[in-house]
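Lettering of chains follows the sequences in order, A, B, ..., and the numbering in each one begins at 1. None of these values were measured; they are calculated from a predicted model. Because only heavy atoms are used, hydrogens play no part in the values below, and waters and symmetry mates are left out as well, while side chains stay in.
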Protein chains: 2
Amino acid sequence: MAENAAPRDTPTGGRPTARPDLAAMLVPLCRALVDAERPVLDAHGLTMWAYSVLLRLDDTPIRTQAALADAIRADRTRIIPVLDDLESRGLIHRRPDPGDRRVRLVSLTPEGRRVRDAVQGDIQRGEEELLTRLPAADREGFVRGLLTLHALPEIPPHRPSGAA
Amino acid sequence: MAENAAPRDTPTGGRPTARPDLAAMLVPLCRALVDAERPVLDAHGLTMWAYSVLLRLDDTPIRTQAALADAIRADRTRIIPVLDDLESRGLIHRRPDPGDRRVRLVSLTPEGRRVRDAVQGDIQRGEEELLTRLPAADREGFVRGLLTLHALPEIPPHRPSGAA
DNA sequence: CAAGTTCATATGCATGTGCCTACGATCTGT
DNA sequence: ACAGATCGTAGGCACATGCATATGAACTTG
């Protein structure tokens, strides 16, 4: 019966804002964006996992495949066929680390870099076009906000309040 | 070899901006947000699908279950157990439409509304807290941009350009 | 009235994914 | 040198999901 009788230190107690949940807007948007990428990925014969690998390999070089899998939130075992495929197509290089022969050093080949650039170019071009739909005033805040949230080390779980 | 020799009408030809792909930032953010909701949903014994139903039922009332499933991008057949569960717990009402007895009119019960409010309150409270991490200047643009993109009827597929 | 369609529902299949185990090669600490 | 941990790889189990089909009730159209 007591709904949320206890006063909250956050703006609203019961039904907060008038806006929909952030997640309820973000999830469909994510879906749509990923769907929008598919033609580009297909045109290059890449899966989303493969593209994630190409994307990630450019940043800081990664020493182990396990770390690579963790970085893109993939499964350590399921990523192996992806790497096999990329390697067989000459997009990545997998060589044993001379210092620790358990480890395979994974790196982009020049061709891999070329493919990644082409794919990412197409994707970002489409995304820029999408950002065009935003009022100029919001565009920058949106992208910067996204960058900030993306850079967060972690998102703390939302905590259930009153009701059991 | 010709990379992307053709000049583009969009800002950048090959490697566009310095920012990561929007999708590459949004997808992990979505994952994290959904994960963050889990404790709240668990506390109320709701699945994400069930919560989606509760959320959607409040807007414009929906005439058919099929339309409800489409609205939340769920499978028409797989949503039925979800509705069964919600109905058995007294959160929704399912009664045959007197005008078309094939159709079941689905609506929130007062208890369902109460639960939805409680859950949504918790979730939005967590989300507001998250928005706190954004510089105030970006916060509004971010939310408004998200609202705008969410309201788009569809996102056109990105088009592969040069390379096959 | 008959044919075709729509709805809610049950069921099955194929796939993608998370998780767990196993195994051989290799490294590290003792 | 030996025990234990780590890495890459293979395989299996469980589950969620997308897609397809089937069925009975009810509606619609000719």
ask   = B:D70 CG to D:dG18 C1': how many Å, rounded?
value = 14 Å

query = Roughly, in whole Å, what's the span from CD in A:Q65 to P in C:dA25?
reply = 17 Å

message = Are the side chains of A:L131 and A:E128 in contact, using a 4.5 Å heavy-atom criterion?
response = yes

task = Measure from the side-chain heavy atoms of B:R78 and tell me the nearest of C:dA8, D:dC19, C:dT5.
result = D:dC19

task = Name the nucleic acid region contacted by B:R95, choosing base, sugar-phosphate or nothing; use a 4.0 angstrom heavy-atom cut-off, strictly under.
result = nothing

ask   = Between C:dT9 atom C1' and B:I80 atom CD1, what is the distance in whole Å?
value = 5 Å

ask   = DNA chain C: A:W49 or A:R102, which has the more 5' nearest nucleotide?
value = A:W49

inquiry  = Side chain of B:T77, heavy atoms from C-beta onward: which of D:dC27, C:dT9, D:dA5 has the nearest atom to it?
reply    = C:dT9

ask   = CG of B:D35 versus P of C:dT17: gap in Å, rounded?
value = 16 Å

key: Rounded distance (Å) that lies between atom C1' of C:dT6 and atom CZ of B:R101   = 15 Å

Contact check, side chains of B:L29 and A:H150, non-hydrogen atoms, under 4.5 Å = no

task = Please determine which of B:R63, B:R94, B:Q65 meets the side chain to side chain contact (heavy atoms under 4.5 Å, CB included) test together with B:L105.
result = B:R63

key: Out of D:dC7, D:dC19, D:dC27, whichever nucleotide has its closest atom nearest the side chain of B:D100   = D:dC27

inquiry  = Measuring from atom OH of B:Y51 to atom CZ of B:R116, what distance do you get when rounded to the nearest 0.5 angstrom?
reply    = 8.0 Å

inquiry  = Need to verify one output field. Residue with the more 5' nearest nucleotide on DNA chain C, A:D97 or B:A66?
reply    = B:A66

remark   = With the side chain defined as heavy atoms from C-beta on, B:R104 is closest, among D:dA5, C:dA8, D:dC27, to C:dA8

inquiry  = If you assign each of A:R63 and B:D75 to its closest nucleotide in DNA chain D, which residue comes earlier from the 5' end?
reply    = A:R63

request  = Could you please name the option among D:dT9, C:dT9, C:dA25 that lies closest to any side-chain atom of B:R94?
outcome  = C:dT9

key: OP1 or OP2 of C:dA8 under 4.0 Å from side-chain N/O of B:R76   = no

remark   = Separation of C:dT6 atom C1' from B:L68 atom CG, nearest Å, is 17 Å

query = Which comes earlier along DNA chain D counting from the 5' end, the contact point of B:P98 or that of A:T64, where each point is its nearest nucleotide?
reply = A:T64

query = Run the side-chain contact (heavy atoms from CB on, under 4.5 Å) check on A:L55 and A:S52 step by step: do they pass?
reply = CA-CA 5 Å; A:L55 270 188; A:S52 298; 5.6 Å; no

